[in-house]
Amino acid sequence: MTPALSKSERIVSRTNDYTCNEMRKIELYEMGWNLKDGLRECLVAAAPYGGPISLLKGHNRRSPSARPQLEIYSSSGLPLASFPWKSGVVKQLGWTVSDDLLCVQEDGTVLVYDLLGGFKRHFSMGNEVSQSQVLETKIFHSPYGTGVAILTGALRFTLATNIDDIKLRRLPEVPGLQGAPSCWAVLTQDRQSKVLVANGSHLFILDNTACTPVTPPGLSPQASSIVHMCVSFSYKYLALLTDSGHVWMGTSNLKEKLSEVDTKIKTPPKQMAWCRRPKSQQPSAVVMWDGLLIVVGECKETIQYHLDDDSILVPELDGVRIISGTHHELLQEVPGACEEIFKIASMAPGALLLEAHKEYEKESQKADEYLREIKEQSLLSEAVRQCVEAAGHEHEPETQKTLLRAASFGKCFLSNFPPEQFVSMCRDLRVLNAVRDYTVGIPLTHTQFKQMTVQVLIDRLVYRKLYPLAIEICRYLKTPEYQGVSRVLKHWACYKVQQKEESDEVIAKAVSVKLADAAGIFYSEIATKAYESGRTELAIKLLEFEPRSGEQVPLLLKMKKSPLALSKAIESGDTDLVYTVVMYLKNELNRGDFFMMLRNQPVALSLYKQFCKHQEQDTLKDLFNQDDDHEELGNLYVKASYKEQRLEARIALLQSAVDEYYKAKNEFSAKTTEDEMRLLRFQRKLEEEKGELLVGFSLHDTMTTLLSVGLHKHAEQLYKDFRVPDKRFWWLKLKSLAEKEDWEELEKFGKSKKSPIGYLPFVEVCIKHHNKYEAKKYVSKVTPEQKVKAHLAVGDMEGAAEAAIERRNESEISTVLSRCSATTDHLLMERLNRAKATAVKK
Amino acid sequence: MQLPLVGVTVMLERNVLQVYPAAESVVGSLHMAHTEWRDAPELPDFSLLKRLARDQLIFLLEQLPGKKDLFIDADLMSPLDRIANVTILKQHEVDKLYKVELKPIVSSSDQLCFLIRPRIQTVKWISDLVNADKVAGRFRRYKIIFTPQKFYACETVLEEQGVYGDVTTDEWNFYILPLDDDILSLELPEFFRDNFLEGDQRWVTTAGSALHLLQSVYGSFSKVYGIGRCAKMVYESWRELMEEGEQRTRQPEFAKVFLVDRDVDFVTPLCSQVVYEGLVDDLFRIKCGSVEFGPDVTSSDKSIKVMLNSQDKVFSEIRNEHFSNVFGFLSQKAKNLQTAYDKRRGMDIQQMKAFVSDELKGLKQEHRLLSLHIGASESMMKKKTKQDFQELLKTEHSLLEGFEIRECITYIEEHINRQVSMIDSLRLLCLLSITENGLLSKDYRSLKAQYLQSYGIKHLLTFANLRQLGLLEEQQAGETLTVMESKVGKLVNDKTVGKLTDAFSSLAKKSNFRALSKRLALVPKSGEEYDLRVPRDMAYVFSGAYIPLSCKLIEQVLERDGWTGLEEVTRMLNGQEFAVTGGSSSSEARNKTDAQRIVLVMFLGGCTFSEISALRFLGKERGCRFIVVTTAITNSARLLEALLDNHA
């Protein structure tokens with residue numbers, strides 16, 4: 001029962017008091033790179049989660065003749081990019097969470113490159129940093145993204161928590177700091193990034209507002225200085241190395257001490273890192289010196305490894321990767337399930353199941369014995385679970401297969417074992433093995449993969465332009481199209497459009513063919529990319545595939561394809577969008593072109609007119625002028641005229657209106673406007689002569705006013721000059737005379753000639769002014785059809801009855817009847833009823 | 001550009017959930033209420049919309065912490081009052097309230113908040129204000145809350161005036177104000193002029209968002225019908241929102257939706273209203289569901305503001321009645337009330353105590369309302385039974401019937417000459433033009449000239465507007481067009497005719513009222529008695545003289561479940577009709593739940609109370625309920641005033 005783990009070693013250290021953690025070292029890759037001097041004299045940065053490695057050789061050389069070379073490799077050492085470094089002196093390299101390379105320069109400028117060496121952008125860490133220069137810098141990750149912390153030459157810390165949204169924070173001064181602190185680290189606590197600084201034996205925590213001295217509980221008193229510190233991947237734990245060679249391990253809030261171990265080495269180490277798997281009960285840290293690596297844990301004894309070569313440590317979630325000039329290894333605590341199964345003489349259910357399966361393959365009856373042993377303890381499902389879990393932690397596909405086969409074998413004897421865990425583990429492993437492949441070089445452990453999620457893994461593959469693999473994985477894992485395949489295709493398309501060597505047609509076709517039926521693709525984004533890389537024509541071609549016209553507009557505008565943008569905006573039916581374009585055009589184009597463009601787009605034109613009405617009246621005039629819309633121009637002048645106070649100006653505007661109306665062949669409006677001008681002049685003249693307020697009145701109102709103040713002559717003049725219909729004049733005069741109760745004049749007027757409005761109005765108007773006597777005078781003159789009404793109006797029931805009966809009109813008789821009151825007009829009613837009867841008969 | 005809108009509804013809901021954790025249960029309980037089978041389907045609880053709006057407003061006000069003065073657009077005052085009263089505003093640190101008057105302001109506050117419609121003019125005023133403060137070296141914080149949404153043009157103004165950075169802007173997505181159980185209003189009177197006269201379609205998306213809001217709160221619809229260009233655009237905008245937003249499968253709360261453009265039917269809003277609610281609106285102007293009765297109604301020296309809705313027990317019984325029945329009804333009611341009061345006599349103390357505590361308050365309330373409505377109808381009687389009004393109605397009816405047109409023209413002429421009423425004259429002219437397919441050139445010119453003499457030359461612009469809308473036109477070669485059309489029709493196949501007709505109709509927008517009226521039997525045969533107390537069809541809302549075209553269309557389409565068989569009608573209405581079956585819920589639409597008998601009718605450009613009454617009548621006849629969504633309540637006066645040009 002000896003486990004066969006090729007290329008991995010196992011070290012077990014035994015002590016009296018504790019059972020110490022078992023560590024294992026797995027070789028991930030033999031590095032593909034060919035480095036002359038190994039990692040010596042290199043600035044090295046390797047991204048966590050099996051990310052890329054960047055090297056800057058000879059970064060300290062300042063002579064321009066020998067420029068340092070910046071190289072980027074995959075974790076397996078395959079070159080991704082390499083270029084000579086032409087900018088300033090680099091103090092630190094680091095990777096962001098989205099696989100971008102950060103190069104922090106001495107002057108505080110940070111340059112950002114993608115992992116294929118493409119320059120993305122740069123930003124500065126502030127004036128203070130550039131003045132006092134960077135002394136030391138650390139790049140850290142927090143829930144808010146990737147951050148940069150800098151210790152300046154002035155011994156102050158400056159911090160940016162998220163480089164995508166830079167807010168620089170200058171931390172308070174550390175008291176008593178004379179030179180560079182012996183060591184420091186960035187912590188994330190209480191949703192805040194803080195700096196932990198050691199100055200000799202004193203420890204301080206720096207946050208936004210204060211510098212607080214702290215003491216780690218139980219730190220051995222021999223130490224006079226803290227020389228190194230490191231924070232765990234989760235920021236939960238802290239390890240301190242003192243000059244006395246002791247490693248103190250505890251929680252990062254400095255409330256609890258977990259262990260303290262003496263390394264017995266007093267030289268300062270090169271690097272220190274936590275090496276602790278999640279949920280592990282025991283702390284363990286790795287300290288590296290030249291040629292020596294020591295793992296310290298809870299027990300007094302340490303585990304020591306010899307290193308042949310200059311190496312660096314890359315802390316991971318569940319271990320530490322060790323990268324040297326030739327090898328790439330993973331050092332981690334042996335995962336529980338693996339330990340259970342592969343421990344020598346283990347009787348754990350998983351171990352038994354594995355053995356049972358082995359025997360079964362050998363067609364030995366022992367298989368049954370083992371199996372029965374497990375089943376007797378009813379631990380078979382536990383055994384299967386262990387095998388599946390252990391498979392996840394193994395790197396060798398053969399071992400994975402063995403364990404999974406054993407699990408599958410065990411499953412046969414279980415009736416209702418849920419299959420999900422097994423199935424998803426098989427899937428995960430297939431994906432993991434694919435990305436761990438030497439050519440891809442992402443050595444993720446299963447734990448890391450689960451933490452990172454598929455989405456992020458897909459992103460990483462996309463950054464490496466491994467589109468086919470990314471799509472395969474999406475399809476294989478059945479990721480929803482929107483998050484999976486479509487996203488990858490979009491990135492692919494964005495990359496594709498930047499390929500200068502291919503023609504627009506070829507690219508557009510290739511893109512549309514590949515993306516045709518993918519859901520949730522924004523062609524506008526791809527087109528934007530094409531435009532940004534200087535391919536306007538291609539961008540337009542791609543935009544044609546964009547089904548939502550609203551998305552096309554902003555880019556079209558940016559590309560100065562305004563007519564197209566305008567028609568697309570109108571197509572979208574979104575007025576606001578049309579407005580956006582119109583306003584943009586207004587500022588971009590000269591007036592003539594702008595108007596011409598609007599002319600072909602009525603929707604846009606009417607919108608712009610609406611805007612002009614409130615903001616730019618004159619522009620409106622120009623618009624109408626251009627269109628030869630004289631009718632509208634006329635209307636515009638008329639409108640302007642009654643906003644004008646001064647009469648002369650008003651008349652001048654009306655004259656302009658008249659001209660326009662004539663041009664528009666609208667005789668009617670022209671004539672009416674001319675009349676208005678005449679009226680205005682007349683009104684003013686009279687105002688001056690008689691002091692009566694008239695200007696601005698309508699013709700009707702003017703005449704009413706004139707009549708009411710007794711200027712009959714003038715009223716008559718208007719009547720003649722303006723061809724006022726007789727009826728109107730009669731009504732006017734009738735009303736105004738009655739108003740003034742000038743009954744004599746009214747009678748004269750009534751007799752002057754035959755009334756064009758008849759005489760019933762006379763009767764009614766008199767009654768309205770409570771003069772029954774005068775009213776009666778006109779009753780006789782009323783036409784027979786209106787007689788009844790007239791009599792009723794003056795309250796003459798008898799007369800009304802008389803007239804109605806005479807006309808033998810049934811409805812009129814009824815009207816009169818309805819007005820009679822039963823008490824006083826008794827006789828009359830009888831007569832009417834009789835007449836009604838005969839009228840009906842007839 | 002459309003994306004933010006989705007965010008809007010989502011945000012709305014989120015806010016509710018933040019502020020009122022119970023909101024979700026409110027949504028849930030909506031459905032509970034409808035499980036019972038009733039004769040008239042229960043309507044959804046629209047007060048939820050008010051709560052949504054209020055919560056968002058509060059949220060927005062809190063974005064500007066501390067004391068602030070609030071400036072409100074004049075026409076937002078009443079709607080705002082329905083959503084959040086002064087007390088609520090004060091609770092959220094609104095110090096003083098001002099009406100936007102486009103004049104310099106007097107405010108000592110350091111924080112100014114403006115709650116406005118997205119109008120260029122208002123934004124310009126605010127910019128001036130900010131600039132004035134800058135010159136005076138005064139520092140204040142400014143926040144503009146646009147409702148129901150902000151427009152790019154407004155931001156452009158801020159930018160052009162150089163205050164973009166000084167002002168923060170926000171949107172209050174207050175799309176719908178429930179005026180009553182079955183009336184929802186967007187409170188956008190300018191929709192009509194902007195959309196139909198100015199050709200400015202900015203409110204289309206607003207209407208679409210309103211429908212989307214209803215849908216996201218109350219569930220989807222199984223079928224959508226519509227007619228008119230704007231209706232089509234609104235539907236499109238709504239559909240886009242639906243597609244962008246997450247699909248929620250909910251039990252549909254409404255069976256069908258009908259979208260109709262105001263310009264499909266101009267005749268109905270131009271007629272004098274004779275149903276009580278319509279008449280109150282015509283005479284006293286109902287504003288945002290409440291009316292102010294003057295001293296002549298209250299028979300005191302004070303004016304009284306009354307809410308007119310289904311909560312008012314007296315009003316709810318007479319609102320849909322023809323005016324001639326109202327007085328009788330009210331006097332009967334008065335008698336009943338008296339009897340109820342009289343019960344007091346001969347009561348012992350115990351009974352009296354019970355009476356006072358149980359009934360008296362209700363009776364008193366009823367008494368108060370009754371006396372108000374009696375006062376109102378008395379005042380109506382005085383105005384409307386006068387001979388002039390009778391003659392006015394007679395003329396309207398003649399025009400609708402196409403009978404004695406010459407007499408009508410003479411009447412209108414006299415109406416103009418005597419300066420009886422500026423708006424009424426215009427109304428009659430429009431009715432004449434629409435029903436007669438335009439005026440003869442001779443009549444048009446003479447009537448127009450006379451009108452200008454009476455009311456001034458500025459109405460040249462009014463006439464230009466009316467002509468643009470096809471409300472008042474001069475007959476040109478109109479007749480020859482029809483003749484030509486029919487001739488051509490004989491020569492070529494139908495498809496080409498269709499195209500030609502389109503071309504012609506775009507040349508001259510004709511109303512075709514006479515033909516429509518015949519085809520849809522809008523005007524009952526004259527000479528028949530019509531008992532207004534027992535209405536037999538929707539014509540009762542116009543004294544039996546005319547069935548509102550809009551309502552008739554709705555009736556026909558619902559009956560036919562689409563536009564089949566109405567091809568000729570839609571052709572005469574300039575087409576643009578559509579019918580769409582909704583997404584998921586169509587299959588289960590067959591089972592007749594309550595919700596399936598609720599029809600949502602959206603009027604784009606306003607609707608009248610007469611139309612609402614007619615739809616209520618139709619609902620009773622068909623055993624369904626109509627919910628009216630309108631951009632605003634309108635009537636003839638509002639419609640025509642919107643087309644005058646002296647305010648712009």
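Both backbone and side-chain heavy atoms feed into the values below; hydrogens, waters and symmetry mates do not. Below, chain A is the first sequence line, B the second, and so on; all start at residue 1.
A:Thr673 approaches B:Ile457 most closely through the heavy-atom pair CA-CD1, 3.7 Å. The minimum heavy-atom distance between A:Ser698 and B:Gly456, with the atom names listed, is CB-N, 3.3 Å.
With chain A as partner, the option from B:Glu155, B:Lys124, B:Lys150 having the largest number of non-hydrogen pairs under 4.5 angstrom is B:Lys124. The residue among B:Glu160, B:Lys448, B:Glu413 with the most heavy atom pairs within less than 4.5 Å of chain A is B:Lys448.
Distance OG1/A:Thr672 to CG/B:Leu452: 6.0 Å, rounded to 0.5 Å. The OH atom of A:Tyr584 sits 10.5 Å away from the OH atom of B:Tyr152 when rounded to the nearest 0.5 Å.
Of the atoms belonging to B:Phe151, heavy atoms from both backbone and side chain fall under 4.5 Å from chain A. Only the side chain of B:Ile120 comes within less than 4.5 Å of a heavy atom in chain A; its backbone stays farther off. For B:Thr206, no part lies near chain A; criterion is any non-hydrogen pair under 4.5 Å. A:Lys671 does not touch chain B: none of its heavy atoms, backbone or side chain, sits under 4.5 Å away. A:Tyr661 touches chain B through its side chain: at least one heavy atom from C-beta onward sits under 4.5 Å away, while N, CA, C and O do not. The parts of A:Val724 that come within reach of chain B are both its backbone and its side chain, each placing non-hydrogen atoms under 4.5 angstrom from that chain. Heavy atoms closer than 4.5 Å to chain A are found nowhere in B:Glu159, neither backbone nor side chain. Neither the backbone nor the side chain of B:Glu236 comes within contact range of chain A, judged by heavy atoms closer than 4.5 Å.
At most 12 heavy atoms of other shown residues, nucleotides or ligands fall within 6.0 angstrom of atom CZ in B:Arg229. Within 6.0 Å of CZ on B:Arg467 lie no more than 12 heavy atoms contributed by other residues, nucleotides or ligands. Remark: A:Lys586 NZ is packed, more than 12 non-hydrogen atoms of other residues, nucleotides or ligands lying under 6.0 Å away.
Annotation: side chain of A:Glu676 is not in contact with side chain of B:Leu460 (no heavy-atom distance under 4.5 Å).
No side-chain donor-acceptor contact under 3.5 Å links A:Lys609 to the backbone of B:Glu198.
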With a cut-off of 3.5 Å and sequence neighbours excluded, list every side-chain donor-acceptor pair involving residues 725-732 of chain A.
from	atom 1	to	atom 2	distance (Å)
A:Asp726	OD1	A:Tyr719	OH	2.6
A:Arg728	NE	B:Asn417	OD1	3.2
A:Arg728	NE	B:Gln453	OE1	3.3
A:Arg728	NH1	A:His700	ND1	2.7
A:Arg728	NH1	B:Ser454	OG	2.5
A:Arg728	NH2	B:Asn417	OD1	3.0
A:Arg728	NH2	B:Gln450	O	2.6
A:Arg728	NH2	B:Ser454	OG	3.2

